[in-house]
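Written out below as structure tokens is the structure these notes cover.
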Amino acid sequence: MRDRAARMRTGLYAKPPPQAPQMDLRIHATLDHLRSLEGPARRLSFLPRQPVRSVLSGRHASRLRGRGLNFEELRDYLPGDDIRSIDWKVTARTGTPHVRVYTEERDRPTLVVVDQRMSMYFGSRLNMKSVTAAEAAALIAFRILAQDDRIGGIVFGDEYMAEIRPERRRGSLNRFLTALADANSLLSADAPNVQPIALSQVLRAVARLAPRNHLVVLLSDFAETDEDTHRLISGIAQRNDLVLGLITDPFAHDIPAGLKVVVSDGELQAEVNTGDQVQHRDLRKMAEGRLAEILDWQRTIGVPVLPVSAGEETLPQIRRLMGVRPT
């Protein structure tokens, strides 16, 4: 009896603590789930030399310019030096040939920008768009750090924005994934209607954190864009390697008829009835037009757009876009 009482006091006979309910990873991306994507990310590459089938590989040259150059010194010209490195202004001023010496940057900073606003909290077939964006961001972040490049990011929701400056440290990656999981966990159908942060505001933060020679990957559904958005994206693309991940849902391509939904802009609400042929047609045209506008940025701005659907598994899509052969 004493032994039994002792075991009860130590908890050996105590009931196990209740287990937390299993979270549906199609609706919310947990930190453990995002961390589990490190292994699958190994075959991806964001280096300038891209596979032929990669959307980041141009016909004649990669769309990724790679690491920049740091000015090292100005010295006298020596036989064998490349004449293209001669600094003609200094040469004219001193009367003797001088060359500018550069060294390649040891690493290139990367900024992964992820939209976790309420417009992303939607999914009609497999994942919420917010989950697909979070998974894609984690895959990219793991691969960037494995390439010995600096990794940082911006995670933004409706009312806040988390900034992680690029560093070549595991801690920076962990802070980014934690911010991403925290933002994703806040998305809920019961969330209050608020005016979301404008994409232009986020892009201004991007321009501040990535002034030049960065790789910037922006993952969003681009729910609201305007001339300011177009101008800011064009400016960022001129000074950096910018890649846009357009997160979509099959619903936008094939809006079902006979559906009644309530939509809101954060202040006003309206009921949309797709059973009405006119409303159904207009809604479909609006969705197709918005997607076509973003995809057309490839032509007007010269920035690659990677369409990623929440209706399919994320990893196979990213591998296919990056030209990785299926295993």
Side-chain angles (χ1 to χ4, degrees), residues 31-58 61-73 100-114 133-155 162-181 205-219 236-245 303-304 306 308 314-315 317-325 327:
L31 181 57
D32 286 342
H33 174 61
L34 296 178
R35 286 173 172 167
S36 72
L37 298 174
E38 181 172 10
R42 288 173 184 157
R43 295 187 63 200
L44 304 177
S45 172
F46 287 87
L47 293 172
R49 187 181 295 275
Q50 288 286 305
V52 175
R53 294 172 301 279
S54 170
V55 296
L56 300 182
S57 176
S62 172
R63 297 199 186 191
L64 298 183
R65 289 167 287 188
R67 299 180 173 116
L69 296 175
N70 288 324
F71 174 71
E72 189 73 16
E73 63 175 338
R100 298 178 69 88
V101 180
Y102 294 88
T103 56
E104 186 180 29
E105 290 179 337
R106 291 183 299 172
D107 57 16
R108 178 183 56 173
T110 297
L111 203 66
V112 183
V113 187
V114 195
E135 290 178 339
L139 289 166
I140 293 168
F142 277 121
R143 193 58 206 145
I144 293 297
L145 188 64
Q147 294 172 182
D148 286 332
D149 284 328
R150 283 173 280 168
I151 181 65
I154 295 178
V155 180
E163 299 180 3
I164 299 93
R165 291 187 175 275
E167 295 180 356
R168 194 174 58 177
R169 297 180 181 178
R170 187 80 181 190
S172 181
L173 173 62
N174 288 333
R175 288 195 299 274
F176 174 68
L177 294 180
T178 300
L180 190 51
V206 172
R208 173 170 47 82
L209 290 179
R212 64 184 61 84
N213 296 333
H214 283 59
L215 170 61
V216 179
V217 183
L218 172 56
L219 301 163
I236 293 170
Q238 289 176 7
R239 298 183 294 272
N240 301 276
D241 288 330
L242 176 61
V243 178
L244 304 181
V303 57
L306 281 61
V308 183
T314 307
L315 179 60
Q317 292 184 81
I318 299 296
R319 282 178 169 170
R320 184 168 64 247
L321 290 167
M322 302 303 294
V324 177
R325 292 183 181 274
T327 55

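The structure displayed is predicted, hence computed values, not measured ones. When reading the values below, keep in mind they use all heavy atoms of this one structure, side chains included, and skip hydrogens, waters and symmetry mates.
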With V216, which of L242, L209, I154 fulfils side-chain contact (heavy atoms from CB on, under 4.5 Å)? L242

How about V206 and L218: do any of their side-chain heavy atoms sit closer than 4.5 Å? no

Could you tell me whether the side chains of S172 and E167 share a donor-acceptor contact shorter than 3.5 Å? no

Nearest atoms (heavy-atom pairs only) where V243 meets L306: CG1-CD1, 3.5 Å

With sequence neighbours excluded, what pairs up with E38 under the side-chain hydrogen bond (donor to acceptor under 3.5 Å, both in side chains) test? R170

Non-hydrogen side-chain atoms of Q147 and T110 separated by less than 4.5 Å: no

Can a donor-acceptor pair be found, under 3.5 Å and without considering hydrogens, that links the side chain of H214 to the backbone of R212? yes

Measure from the side-chain N and O atoms of N240 to the backbone N and O of A210, and report whether any donor-acceptor pair falls under 3.5 Å. yes

Is any side-chain heavy atom of L37 less than 4.5 Å from a side-chain heavy atom of L315? no

Can you check whether L177 reaches F142 side chain to side chain, under 4.5 Å on heavy atoms? yes

What are the two closest heavy atoms between V114 and A137, and how far apart are they? CG2-CB, 3.5 Å

Between CG on residue N174 and CG on residue L34, distance to nearest 0.5 Å: 11.5 Å

Yes or no on side-chain contact (heavy atoms from CB on, under 4.5 Å) for N213 and R108, after CA distance, side-chain angles and deciding distance? CA-CA 7 Å; N213 296 333; R108 178 183 56 173; 5.9 Å; no

If you draw a 6.0 Å radius around CZ in R208, do more than 12 non-hydrogen atoms from other residues or ligands fall strictly inside? yes

Check whether D149 reaches the backbone of I144 with its side chain - one donor and one acceptor, N or O, closer than 3.5 Å. no

Check: H33 and E135 side chains under 4.5 Å, non-hydrogen atoms: yes

Contact summary for L111 and I164, nearest pair of heavy atoms: CD1-O, 4.1 Å

Are side-chain heavy atoms of L321 and V308 found at a separation under 4.5 Å? yes

Derivation of the side-chain contact (heavy atoms from CB on, under 4.5 Å) call for L139 and R143: CA-CA 6 Å; L139 289 166; R143 193 58 206 145; over 6 Å; no

Atom CG of L173 and atom OG1 of T178: how far apart are they, to the nearest 0.5 Å? 9.0 Å

Report the distance from atom CD1 of I318 to atom CD1 of I140, rounding to the nearest 0.5 Å. 5.5 Å

Shortest non-hydrogen contact from V112 to F176? O-CE1, 3.5 Å

